[in-house]
Amino acid sequence: MQEFDKISIAEIPKKDMLLIIRALEYTGQKKESDEYLTLKNNIIKELSELADSSEEEFIDYLEK
């Protein structure tokens, strides 16, 4: 197996990305774990910067 340090998310449909983000939020809240919530926030931050939008705009885009 080839090793790699980064994984591209370019091919993940926006519906699946929204599901991942919601699952991280749900798990973080239910387990009271900041790790899941931090990961969710980091993903949203990075993707919204790539999209040149606010985090709220990016979430709205995923929900449409």
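Below, all heavy atoms of this structure are taken into account, side chains as well, without hydrogens, waters or symmetry copies.
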#### Entry: Residue Glu35 excluded, over 12 heavy atoms near CD under 6.0 Å
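No, because the 6.0 Å sphere around CD of Glu35 holds 12 heavy atoms or fewer from other groups.
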Check residues 40-47 and write down every donor-acceptor pair under 3.5 Å in which the side-chain atom is one partner and the other belongs to a residue at least two apart or another chain.
from	atom 1	to	atom 2	distance (Å)
Asn41	ND2	Leu37	O	3.2
Asn42	ND2	Thr38	O	3.4

### Query
Sequence neighbours excluded, which residues qualify as side-chain hydrogen bond (donor to acceptor under 3.5 Å, both in side chains) partners of Glu63?
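In terms of side-chain hydrogen bond (donor to acceptor under 3.5 Å, both in side chains), with neighbours along the sequence ignored, Glu63 is linked to Arg22.
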Would you compute the distance between atom [atom1] of [X] and atom [atom2] of [Y] and round it to the nearest 0.5 angstrom?
X     : Y     : atom1 : atom2 : value
Glu55 : Glu57 : CD    : CD    : 11.0 Å
Gln29 : Lys31 : CD    : NZ    : 14.0 Å
Ser53 : Ile59 : OG    : CD1   : 9.5 Å

Pairs of donor and acceptor atoms involving the side chains of residues 11-18, under 3.5 Å and at least two apart or interchain, shall be tabulated with distances.
from	atom 1	to	atom 2	distance (Å)
Lys14	NZ	Tyr61	O	3.2
Lys14	NZ	Lys64	O	3.2

### Task
Can you see which heavy atom on Ser48 is nearest to which on Phe58, and at what distance?
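Looking at all heavy atoms of both residues, the closest pair is CB-CB, 3.8 Å.
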### Query
Side-chain heavy atoms under 4.5 angstrom apart, residues restricted to Ile, Leu, Val, Met, Phe, Trp, Tyr: same cluster for Leu62 and Leu19?
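In one cluster: no.
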